[in-house]
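As the structure is a computational prediction, the values presented were derived from the model and not from experiment. Proteins get letters first, then strands, A, B, ... in listed order; numbering begins at 1 in each.
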Amino acid sequence: MSKFLPNKEEDYSLWYNELVKKADLAENSAVRGCMVIKPYGFSIWEKMQQTLDLMFKETGHVNAYFPLFIPKSFLSKEASHVEGFAKECAVVTHYRLKNSPDGKSVIVDPEAKLEEELIVRPTSETVIWSTYKTWIQSYRDLPLLVNQWANVVRWEMRTRLFLRTTEFLWQEGHTAHATKGQAIEETEKMLEVYATFAEEFMAMPVIKGVKTANERFAGAEETYCIEALMQDGKALQAGTSHFLGQNFAKAFDVQFTNKEGRLEHVWGTSWGVSTRLMGALIMAHSDNDGLVLPPKLAPIQVVIVPIFKNEEQLNLITQKVNTLLPLLKKSGVSVKFDDRDTQTPGFKFADYELKGVPVRIAVGPRDIEQGTAEVARRDTKEKKSYAFDDLGTIIPKLLEDIQENIYKKAIDFRNSKTIAVNTWDEFMTKIEEGGFLSAHWDGTSETEEKIKELSKATIRCIPLDSKAELGKCIYSGKESNQRVLFARAY
RNA sequence: CGGGGUGUAGCGUAGCCCGGUAUCGCGUCAGCAUGGGGUGCUGGAGGUCGUCGGUUCAAAUCCGGCCACCCCGACCA
C-alpha cells in the first residue's frame, strides 16, 4: 500500500486530487478554476486526440477552426441555447488597458469599450452556424462534416481538475445535412465512435443512451450520451452527441435548395468530448499505488529499469537491452530505458507505478547471468521472470492482455453495480451504495426533479438497448413502459 | 453564490487558545557508503508565516478586508 497517496476507499476525492497532482498530470493555476496540464498529462490527452482525430477522419470529417470570441447577439438567436449558457459566459467588454494614474498598475481603459461585447465561447454552435449560412446554398454543399479542436470557457461555480474546469479543451463536431434522417444517422454514428473509443482505447465500458428533456443540450432536439461508472459508484457523462433538428438552421437562416428546387432549412448535429475524459480515465482504473493506464493510451507502455552497482554492470545491461529496444519499437511498443544512476531502482519502480506505466522490465546482474528479466504488470502487480530473448514476442502480447484485463475488470465492476429496483424504498437504500439503478419512470420532468431532490440521483440516460417493459414508476406509481438508468453523477 | 474549513521553505506539517521573527518529516545540495521495492549516515542551503490594513514597545499568534484552495449545497460536460 502506498504511503504517498491517500487511500481511495477512505477518501475518494482526496485520492483523486492527489493522484492527479502526484502523477504529474495537472495542477491548479494562478487563475481560479483553470488548470495547468503538465507534460505527462498532456501526452495522454495527445494520444486521445490522435486516436479520436483519426476516427473522425475515417468517418469523413475534416478539421477547421472558428474564433474564440462570439458576438454577444449571436448567443440569443436560439432561445433555449442562450438560456442554457448565459449564466456561465465570460464576457469581453474592452480591448485596451492603460497605466493607472499613479503609474503602479494597469487599468481597463474606459475609452476602449467595445460597441458589441464579445463572449468567450462556451461552445461554438452560434458562430459556426452563422458561418454555415454563407457556405451552404445547395444540396450539393451537403453534408458538411466539420470538426474543431479548441478550448472553451464555462464559468463554473465549483471546479475540479479535469472533471470540471473553467477553461477546458475539447473537440466539437458540427455537421449539416439535407435530411432529418441523415442528421440522426450522423448523431448516432458519432455516439458509436465515442463508445468505441471509450471501450477499446480507454478500456472503459459505457452505456449508450439518450438524455431526458431536463438533461438535454440547450438547443438540441435530442441528446445522446455515453455514461460510464467510476470506482466510487458515481456516473460520469463521457461524451455527448446532439441531434439539433433545424433549430440552429432556423436561428441563423441556413437554407439550401433541394433537388426539386425548393428552399429548406438544413438539419444539424454537434458532438463533443473533452479533457473530462482524462478524469474518467483516471477514475476508471487507478488504484492506491497510482494511475493504471490502458496500454493503448499510455505515453510510455514499457519501462526498462536496470539494476546495477557500477558502470561495468550498467554497460553489460545496456548492451543486452539494446538488442531488445529495436524489436519492441518495431512492434509499435513505446519503451523507455531508464538508465539514470541518480535514482534507486526501488524509487523508479514506485514512480512508474504512480504514473501508470503498464509494464516494467527489471534487468540486473543475476538476470544477465541467467539470460532472464523480471516483468511486472501494473494492472495486477504480478511479477514474473522470462527468458530475455523471448521478451520481443512476449511484451506485445502482454500489453494486449493488460488492455483486455482492465476492461474486463471495469465491466465486471459496472455489472455488479448495475441493479434493477422496483420500489421507492429499495431505490433510496440502493442509491446510497452507488452504481446504476435501473428503474421505471413515468416520463415526466416533475417526477424526475422530485427524485433528484430526494435522492441526489439523476436520470443518466434512457439506454438505447432498453427493452419495452410495462411497469410502475418508482416514485409516482404511474404507468411506465421502460426502465431508465439512475445514478448519482459527476 | 450560500454554509464550514484551511493557507507557515519545493511538498506535508508543529507553533496560534495564553503575542517576544519559527518545529519536524520529505525533497534539495555536498561527501562517503549503498543499489533486486520510495537507501543509510554526516554536514549544508532554503522562510516577506497567503495578502493588505489595524491593535501593540513587539504579531505566524489578536482584530478586519481581500485572495486562493478543500469539503458540503445550488448550477453544470
Quiz item: When you measure from the side chain of Asn17(A), which nucleotide among G36(B), G37(B), C71(B) comes out closest?
Solution: C71(B)

Quiz item: Paired with G2(B): which nucleotide, if any, by Watson-Crick or G-U wobble criteria at under 3.5 Å for both distances?
Solution: C72(B)

Quiz item: For the side chain of Met157(A), counting heavy atoms from C-beta on, which of G37(B), G35(B), A74(B) is nearest?
Solution: A74(B)

Quiz item: Do the side-chain N or O atoms of Lys456(A) get closer than 4.0 angstrom to the phosphate oxygens (OP1, OP2) of G73(B)?
Solution: yes

Quiz item: Between U39(B), C71(B), C75(B), which one does the side chain of Phe347(A) approach most closely?
Solution: U39(B)

Quiz item: For the pair made of CZ in Phe388(A) and C1' in G36(B), what is the distance, rounded to whole Å?
Solution: 16 Å

Quiz item: With a cut-off of 6.0 Å (strictly less than), are more than 12 heavy atoms of other residues, nucleotides or ligands near NZ of Lys47(A)?
Solution: yes

Quiz prompt | Closest to side chain of Ile307(A), choosing from G36(B), U39(B), C76(B) | solution = G36(B)

Quiz item: Are the side chain of Trp15(A) and the backbone of Asp287(A) linked by a donor-acceptor contact shorter than 3.5 Å?
Solution: yes

Exercise. Could you tell me whether Phe168(A) contacts a base, only the sugar-phosphate backbone, or nothing, with contacts defined as non-hydrogen atoms closer than 4.0 Å?
Key: base

Self-check item: Distance in angstrom units between Tyr16(A) OH and C71(B) P, rounded
Solution: 11 Å

Quiz item: Looking only at atom P, what distance separates A14(B) and C52(B), rounded to whole Å?
Solution: 24 Å

Quiz item: Tell me: CG of Asp24(A) to C1' of G10(B), nearest whole Å?
Solution: 13 Å

Quiz item: With a non-hydrogen cut-off below 4.0 angstrom, is Ser274(A) in contact with a base, only sugar-phosphate, or nothing?
Solution: base

Quiz item: When we call it a touch if two heavy atoms are under 4.0 Å apart, what does Glu156(A) touch: a base, just sugar-phosphate, or nothing?
Solution: base

Practice problem: Would you indicate, yes or no, if C69(B) has its OP1 or OP2 atom less than 4.0 angstrom from a side-chain nitrogen or oxygen of Arg158(A)? | Solution: no

Quiz item: Looking at C69(B), A74(B), G35(B), which one has an atom nearest to any side-chain atom of Pro345(A)?
Solution: G35(B)

Self-check item: Evaluation steps, ring pair (Phe, Tyr, Trp, His ring centres under 6.0 Å), between His81(A) and Phe217(A)
Solution: CA-CA 8 Å; His81(A) 191 68; Phe217(A) 174 74; 5.8 Å; yes

Practice problem: Tell me what Gly279(A) touches on the nucleic acid: a base, only sugar-phosphate, or nothing, going by heavy atoms under 4.0 Å. | Solution: nothing

Quiz item: Without hydrogens or angle criteria, can the side chains of Arg121(A) and Thr123(A) be said to hold a donor-acceptor pair below 3.5 Å?
Solution: no

Practice problem: Tell me yes or no: between the side chains of Glu156(A) and Thr166(A), is some donor less than 3.5 Å from an acceptor? | Solution: no

Quiz item: Touch check for Tyr490(A), heavy atoms < 4.0 angstrom, all strands: base, sugar-phosphate only, or nothing?
Solution: nothing

Quiz prompt | Closest-nucleotide 5' rank along RNA chain B - winner of Gly346(A) and Thr166(A) | solution = Gly346(A)

Quiz prompt | Closest-nucleotide ordering on RNA chain B, the 5'-leading residue of Glu453(A) and Arg460(A) | solution = Glu453(A)

Quiz item: So what does Leu14(A) hit on the nucleic acid, given a heavy-atom distance under 4.0 Å: a base, only sugar-phosphate, or nothing?
Solution: nothing

Quiz item: Within 45° of the ring axis of Phe349(A) and under 6.0 Å from its six-membered ring centre, is that where the NZ or CZ of Arg360(A) lies?
Solution: yes

Exercise. Report which part of the nucleic acid Lys452(A) touches: base, sugar-phosphate, or nothing (heavy-atom distance under 4.0 Å, all strands).
Key: sugar-phosphate

Practice problem: Please state whether the base of G36(B) and the side chain of Asp367(A) form at least one donor-acceptor pair under 3.5 Å? | Solution: yes

Quiz prompt | Contact under 4.0 Å: Asn310(A) side-chain N or O vs U34(B) OP1/OP2 | solution = no

Quiz item: Where the side chain of Arg32(A) is defined as all heavy atoms beyond and including C-beta, which of G35(B), G73(B), C69(B) is the nearest nucleotide?
Solution: C69(B)

Quiz prompt | Distance, rounded to the nearest Å, where Trp170(A) contributes CH2 and C76(B) contributes C1' | solution = 13 Å

Exercise. Tell me what Thr165(A) touches on the nucleic acid: a base, only sugar-phosphate, or nothing, going by heavy atoms under 4.0 Å.
Key: base

Quiz item: Do Lys383(A) side-chain and G37(B) base share a donor-acceptor contact under 3.5 Å?
Solution: yes

Quiz item: Separation of Tyr12(A) atom OH from C71(B) atom C1', in whole Å?
Solution: 17 Å

Quiz item: So what does Ser13(A) touch, heavy atoms closer than 4.0 Å: a base, only the sugar-phosphate, or nothing?
Solution: sugar-phosphate

Self-check item: Arg164(A) side chain, from C-beta outward: closest of G36(B), C76(B), C70(B)
Solution: C76(B)

Quiz item: Counting side-chain heavy atoms from CB outward, which of C76(B), G37(B), C70(B) is closest to Glu353(A)?
Solution: G37(B)

Quiz item: Do Val206(A) and Glu199(A) come close enough that some side-chain heavy atom pair is under 4.5 Å?
Solution: yes

